[in-house]
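Read the structure below first, then the notes.
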Amino acid sequence: MDELQSLEQAQAAALAALEAVNDEAALEAWRIAHLGRSAPVMLAFSRLGQAPKELRPQIGQAANRVKQALEEAFAARAQALKEAALQRSLTAERLDVTLPGRRPAQGSLHIETQTLREMYRIFGEMGFQVFRAPDVETDENNFTALNIPPYHPARDMWDTFYTTNPGVLLRTHTSPGQIRAMRQFAPQPIRVVLPGMCYRYEQASSRKDIQFTQVELLAVGYHITFGDFKGTLRDFAQRIFGESLRTRLRPSYFPFTEPSAEMDVECVICRGKGCALCKGSGWLEIMGCGMVHPTVLQNGGYDPAKFSGFAAGIGPGRVAMLRHAIEDLRAFYINDVRFLEQF
Amino acid sequence: MKIPLSWLRDYVEIDLSLEELARRLTMAGLEVEEIRLVGLPMPPANPTGIPHEFNYTGLSWEPDKIVVAQIDEVMPHPNADRLVLCRLNDGTAEQTVLTGAPNLFEYKGRGPLPAPLKVAYAKEGARIYDGHQPGQVLTTLKRAKIRGIESYSMVCSEKELGISEEHEGIIILDADAPTGMPLVDYMGDAVLDISILPNMARNACVLGVAREVSALTGRPLRLPERRVPAIGPAVEGLARIEISEPEYNPRFTLGLIRGVKPQPSPYWVQRRLRLAGMRPINSIVDATNYVMLETCQPLHAFDYGVLTRRAGGKAPTILTRRAAPGEKLTTLDGVERSLDEFTVLVCDTAGALSIAGVMGGAESEVTEATTDVLLEGASWNFINIRRTVGAQKLNSEAAYRFARGVHPELAPYGVQLGLERMALWSGGQIAAGLVDAYPLPQADPEVALTAQDVTRALDIHLSLEEIAALLSRLGFTCRTEGETLYAKTPPNRLDIGEGLVGRADLIEEIARLVGFDNLPYTRLADPLPPPVEEDSTLWAEEHLRDVLAGLGLREVITFRMTSAEREARLYLPGSPELEAPYIRLANPISPERAVMRRSLLASVLEVLERNIRLRDRLAFFEIGPVFLPVEGQTLPDEAGRVVIALSGRREVPAWNEAASGNMDFYDLKGIIESLLDGLHIRGAEYEPAGSDIFHPGKCARVRLGEQVLGVFGELHPIVKARYDFLAAPVLAADLHLSALLEASPAGYTASSVSPYPPVLEDLAVVVDEAIPAGQVAEAIRQGGGRLLAGVRLFDIYRGEQIGPGKKSLAYNLTYQAPDRTLTDQDAAGIRQRIIRRLEQDLGARLRS
């Protein structure tokens with residue numbers, strides 16, 4: 001019975017010692033001490049032959065029990081130690097997530113490009129395709145063919161940069177593109193968007209610059225009405241500024257359209273209540289537009305008795321200013337990186 | 001055009017609120033830019049919660065504090081020579097009012113006035129403008145002692161009431177002003193400042209706007225009445241007219257009034273002129289200006305006595321003709337003017353009197369001493385007047401109207417109204433009849449229109465009667481014949497064309513009167529036209545922008561106007577670019593922007609320069625045209641360029657990383673390689689290039705076959721030093737947009753990824769230093785053939801182990817077949833072919 005007692009004592013001592021084990025090395029030492037070749041339980045196995053025959057099964061079973069218990073305890077302890085070690089390392093590796101991230105070099109598209117694309121997309125879905133025309137134009141295309149003969153008072157509406165080559169100027173609007181598109185496609189119907197850089201000889205201010213991008217819209221067809229013109233432009237304005245915004249058309253004058261109008265959109269900031277941006281009126285002027293003048297249709301190669309159409313001119317710069325609360329249009333072509341990075 | 005509301009009401013009844021009137025006018029194309037209150041109260045906020053749609057300025061007069069009063073006696077101030085005391089009746093009580101107004105001094109000490117002076121009287125606590133401060137500063141009248149006399153109220157000047165800037169004396173109202181009446185009820189007003197569109201020249205006058213109000217509201221238009229009979233001896237024979245060129249001067253009309261006495265006009269006339277933005281002069285000149293503001297017809301008053309004297313005592317002859325070569329004239333403003341061959345003059349037999357329609361000369365002007373006035377009403381070719389205004393840099397209210405077109409029918413009407421006003425305000429007797437030369441009568445178009453035309457254009461259904469009713473309100477005379485309406489243009493407008501143009505003009509008028517906002521909205525129902533060809537290059541260009549932005553570059557858009565000097569910074573001395581022709585501006589806004597750019601690179605480098613200290617790493621690109629004049633071509637070539645500019649750190653600095661090195665040639669080349677990959681351009685070649693811009697050893701030309709795609713490199717140190725750049729190298733590329741887009745295939749195919757494992761091995765070869773790496777890689781590719789799937793240079797070694805004048809290039813090679821696993825023998829075979837090719841072509845040897 002001494003053997004049985006000492007096995008129990010060995011088990012108790014080993015389990016107690018295991019309690020104190022706190023790292024891999026101590027665990028290995030414990031394993032050698034309590035499950036190694038000279039551990040008490042192992043010695044009990046080797047002494048089994050010397051025990052009285054009738055006691056052998058009892059002692060053998062007890063030794064097995066103790067060995068199994070110690071092995072299980074060892075495995076459990078090893079697992080616990082592993083988990084604790086993982087926990088410690090996870091804790092040790094904790095980062096300050098509020099430190100700044102490491103940024104890749106970033107590129108960007110100019111806000112004007114982004115705005116233009118959005119306009120192309122909206123008009124594209126209505127069937128308008130992009131058609132481009134040159135910056136340096138003839139007086140004929142920029143004025144005369146658009147129903148603005150030389151010395152006509154309407155020429156006062158555009159302060160023009162002329163080149164030293166007589167009859168050649170910097171286009172003051174994208175409307176000469178109307179003439180180019182019409183002459184190219186007549187008598188086919190047309191639906192085009194004419195983007196381009198335009199130039200005006202005037203004092204630069206926060207609202208205008210000597211160079212600016214304009215997008216012209218032109219539709220010519222057999223059954224195009226004032227209603228189509230109103231509907232298309234309202235659809236555009238609501239898609240680019242917001243579905244719920246009201247629009248209105250005010251009669252205006254351009255020599256190449258009749259009737260001519262200015263389109264106003266409800267102020268994007270105050271929604272019609274009156275603020276500094278809309279100067280209290282609740283409305284913002286966003287484009288000049290109208291039905292194509294019969295003389296212009298004729299100059300473009302269309303029979304005004306059969307064809308009708310509409311045209312509009314919109315500044316993507318103005319659109320971007322309103323949508324992003326940009327205060328000064330002149331920022332667009334100065335290209336300060338602190339401005340560019342915001343888009 | 002400044003329109004006083006009270007004046008407008010002379011011709012049309014208005015029962016709309018001020019705000020509603022302004023809105024209706026604006027929505028009919030007469031945009032009200034400002035409403036200046038001159039006494040009237042500010043309208044209440046409208047029910048939708050929008051305070052006011054229009055921009056209000058000016059002053060409202062409190063009815064209980066500012067009233068009509070009468071001065072019964074003007075007495076000296078006991079302690080001050082420059083002040084007087086007025087015994088004044090404000091309708092309820094007698095007051096003593098202190099003033100320094102110089103126009104009361106003539107009444108000082110005369111005792112009770114036989115005809116009391118009517119004045120604008122502000123009581124204690126009234127809010128008015130401070131007359132002694134510049135501009136308009138509100139002040140409240142308070143009790144104070146001035147030189148021993150208590151003062152608590154004021155007789156007002158125009159400035160103090162916000163009527164004009166006039167502060168020389170107080171307002172003396174017309175004698176019939178009712179004492180005690182609130183001033184706002186007597187003459188409270190508002191001035192609508194209306195922007196006049198070029199095709200609405202007819203509305204640059206009060207009657208024009210009144211006609212629009214009448215058309216918009218349906219209230220009848222009341223034209224001014226003539227009450228003074230022309231009973232003097234007939235003007236016929238007292239003046240003659242000779243027009244030499246009717247194209248320039250279609251009509252010229254003269255009227256005569258004798259026995260006038262020029263004097264200050266009645267106060268209400270002066271007030272209206274000032275509210276409309278003109279200065280009262282005397283009752284003769286004021287009558288001409290009044291009629292111009294009223295009807296659009298400018299008038300000119302000649303001193304008939306002076307003209308008769310110049311004609312040697314005979315009846316004067318007025319001639320109109322173009323200026324003779326070298327002819328000069330001194331205008332009213334005292335400037336001697338050289339005249340152009342197109343300048344039209346009004347002359348008499350003794351010489352030029354005025355520049356037609358623009359400005360008079362001094363000699364024949366009306367003065368205090370004038371007794372007889374010959375009144376001119378003419379019509380001029382508006383395009384020629386505009387040319388004259390531009391050439392002489394001279395403008396006037398008359399020229400403003402003539403340059404936009406005044407209908408010839410208005411000339412006699414204006415002259416008659418003018419003579420009438422003169423008789424009323426200056427006395428005198430109007431000579432019967434007019435002298436009227438009308439060699440080129442205006443043909444007022446009669447335009448045909450059907451109900452269907454209106455429906456087709458505007459999507460609304462109006463009967464011919466409804467259309468006729470609308471047009472009649474604007475003065476058109478309408479008749480119908482079957483299904484067609486014929487509308488005769490009224491004799492006050494020149495903006496209606498013939499035929500189809502006239503039809504469009506009428507449809508615009510109908511749309512305007514119906515209201516653009518009342519017309520329906522529809523969506524385009526016409527079939528889609530065929531596609532436009534240009535589209536594909538646009539989207540290819542946009543794709544290029546995406547590729548460049550994806551490579552970490554920021555897009556810029558620069559000014560296309562520059563100067564030759566700014567672009568010259570880019571080139572080394574002797575560069576042919578320095579001699580290249582520019583598109584030059586005839587009227588540059590500044591010397592800095594006098595030509596159209598030839599180099600996009602110059603513009604983008606300016607952007608880099610401007611930002612150089614703002615960030616550690618800068619990388620920009622722009623895609624846009626340059627302007628290249630071509631001999632024998634009217635318009636220049638607008639050639640697209642793609643420009644890249646880089647400088648600074650390779651990577652954005654981070655707190656936990658040592659700063660990276662500066663970008664160099666190879667960073668730029670990597671971007672260009674990636675750019676070509678993005679466009680699916682394969683097989684581009686790079687070769688050393690000479691350049692006027694770049695470092696001679698760090699510049700490459702990129703080519704696809706014979707087509708040059710562009711050049712790039714590090715800026716030449718001499719060029720770089722001309723800019724405010726930092727120590728880091730500046731890298732730049734100047735590529736041809738059209739060449740890139742042409743080289744980019746319209747379509748491309750993808751190859752499948754081989755499922756068989758690749759064989760990887762390294763190969764180091766030693767070659768002469770002079771052999772470019774590109775040739776080595778090319779030889780490897782040729783030797784390796786189709787089974788060589790990848791070649792990547794990973795190291796270059798120079799040193800003792802391989803001897804002087806040599807370099808060792810080490811490559812990772814990947815062999816792979818699409819259809820099987822390569823054997824060791826396969827790999828050895830490929831390797832042998834590569835080595836053989838390197839030895840044969842380049843004299844290379846394997847590095848052991």
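Here is how names work: the chains are called A, B, and so on, in the same order as the sequence lines, proteins then strands, and each is numbered from 1. Only heavy atoms go into these numbers, but all of them, side chains included; no hydrogens, no water, no symmetry mates. Keep in mind that what you see is a predicted model, and the values were worked out from it rather than measured.
Within the 4.5 Å cutoff, the side chain of V652(B) has no heavy atoms near those of the P104(A) side chain. Between M27(B) and R248(A), some side-chain heavy-atom pair lies under the 4.5 Å cut-off. Taking 4.5 Å as the limit, some side-chain heavy atom of T26(B) sits within range of a side-chain heavy atom of R250(A). W655(B) places a side-chain heavy atom less than 4.5 Å from the side chain of L99(A). With a 4.5 Å cut-off on side-chain heavy atoms, L500(B) and L297(A) do not count as touching. Within the 4.5 Å cutoff, the side chain of F559(B) has heavy atoms near those of the I210(A) side chain. Within the 4.5 Å cutoff, the side chain of R615(B) has heavy atoms near those of the R338(A) side chain. Considering only heavy atoms from C-beta on, D505(B) comes within 4.5 Å of E258(A) through its side chain.
With values rounded to the nearest 0.5 angstrom, R103(A) atom CZ is found 14.5 Å from E651(B) atom CD. Atom CZ of R512(B) sits about 11.5 Å away from atom OG of S252(A), to the nearest 0.5 Å. Taken from CG in L340(A) to CG in L614(B), the straight-line distance is 10.5 Å, to the nearest 0.5 Å. For the atom pair CG (L170(A)) and CE (M561(B)), the distance works out to 6.0 Å, reported to the nearest 0.5 Å. Annotation: the span from L116(A) atom CG to L538(B) atom CG amounts to 9.0 Å, rounded to 0.5 Å. Separating the OG atom in S603(B) from the CG atom in N335(A) is a distance of 10.0 Å, to the nearest 0.5 Å.
Between chain B and the options R155(A), H110(A), M197(A), the largest number of non-hydrogen pairs under 4.5 Å is found for H110(A). Contact count versus chain B (heavy atoms, under 4.5 Å) is highest, among G221(A), P100(A), C270(A), for P100(A). Note: P251(A) leads P251(A), G231(A), A219(A), S308(A) in heavy-atom pairs under 4.5 Å with chain B. The greatest number of non-hydrogen atom pairs below 4.5 Å with chain B, out of T232(A), T295(A), D336(A), is found for D336(A).
Atom CZ of R121(A) sits in a crowded spot, with more than 12 heavy atoms from other residues, nucleotides or ligands closer than 6.0 Å. Around the CD atom of E125(A), the shell of radius 6.0 Å holds more than 12 heavy atoms that belong to other residues, nucleotides or ligands.
In this structure, the portion of P527(B) lying under 4.5 Å from any heavy atom of chain A is its backbone and not its side chain. For R560(B), the parts lying under 4.5 angstrom from a heavy atom of chain A are both the backbone and the side chain. For R386(B), the part sitting under 4.5 Å from any heavy atom of chain A is the side chain, from C-beta outward, and nothing else. Heavy atoms closer than 4.5 Å to chain B are found in both the backbone and the side chain of V136(A). Neither the backbone nor the side chain of E509(B) has a heavy atom closer than 4.5 Å to any heavy atom of chain A. For chain A, no part of D453(B) is nearby; none of its heavy atoms comes within less than 4.5 Å. The contact between A549(B) and chain A is made by backbone and side chain atoms together, counting heavy-atom distances below 4.5 Å. Heavy atoms closer than 4.5 Å to chain A are found in the side chain of E31(B), but not in its backbone. Looking at P588(B), only its backbone comes within 4.5 Å of chain A, counting heavy atoms on both sides.
Listed here is the closest heavy atom pair of P150(A) and I383(B): O-CG2, 4.3 Å. Minimum heavy-atom separation, N656(B) to R102(A): ND2-NH2, 2.7 Å. Between A261(A) and F516(B), the shortest heavy-atom distance links the atoms CB-CE2, 3.6 Å.
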*Output, in order, the C-alpha distance, side-chain angles, deciding distance and verdict of side chain to side chain contact (heavy atoms under 4.5 Å, CB included) for V501(B) and H293(A).*
CA-CA 8 Å; V501(B) 172; H293(A) 195 281; 3.7 Å; yes
*For M126(A) and L524(B), what are the C-alpha separation, side-chain angles and deciding distance, and is it a side chain to side chain contact (heavy atoms under 4.5 Å, CB included)?*
CA-CA 8 Å; M126(A) 301 182 195; L524(B) 282 166; 5.6 Å; no
_Please evaluate residues E638(B) and R132(A) with respect to the criterion salt bridge (charged side-chain N to carboxylate O under 4.0 Å, His left out), reporting the C-alpha separation (whole Å), side-chain torsions for both, the decisive distance (0.1 Å), and the verdict._
CA-CA 12 Å; E638(B) 298 191 6; R132(A) 291 185 288 178; over 6 Å; no
*Kindly determine whether T164(A) and L585(B) satisfy side chain to side chain contact (heavy atoms under 4.5 Å, CB included), including the steps that lead there.*
CA-CA 6 Å; T164(A) 50; L585(B) 300 183; over 6 Å; no
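Counting only distance, with no hydrogens or angles, the side chain of E555(B) and the backbone of L109(A) share no donor-acceptor pair below 3.5 Å. Within the 3.5 Å criterion, the main-chain N or O of Y162(A) finds a donor-acceptor partner in the side chain of N587(B). Side chain of E542(B) to main chain of R117(A): no donor-acceptor pair is present (N/O by atom type, distance under 3.5 Å, no hydrogens or angles). A distance-only check finds no donor-acceptor pair linking the side chain of T225(A) to the backbone of L458(B) [under 3.5 Å]. Between the D517(B) side chain and the L249(A) main chain, a donor and an acceptor come within less than 3.5 Å of each other. Using modelled atom types, no side-chain atom of D526(B) and backbone atom of I224(A) make a donor-acceptor pair closer than 3.5 Å. In this structure, the side chain of K230(A) does not engage the main chain of T522(B) through any donor-acceptor pair within 3.5 Å. Of the possible donor and acceptor atoms, one in the side chain of N611(B) sits under 3.5 Å from a partner among the backbone N and O of V337(A).
Figure legend: cation-pi geometry between R234(A) and Y521(B), with NZ or CZ positioned under 6.0 Å from the six-membered ring centre and within 45° of its axis.
Scanning for side chain to side chain donor-acceptor pair (under 3.5 Å) contacts around R554(B) gives S108(A), with sequence neighbours left out.
Every pair passing side-chain hydrogen bond (donor to acceptor under 3.5 Å, both in side chains) that includes a residue from residues 185-202 of chain A is listed here, sequence neighbours excluded: D135(A)-Y199(A).
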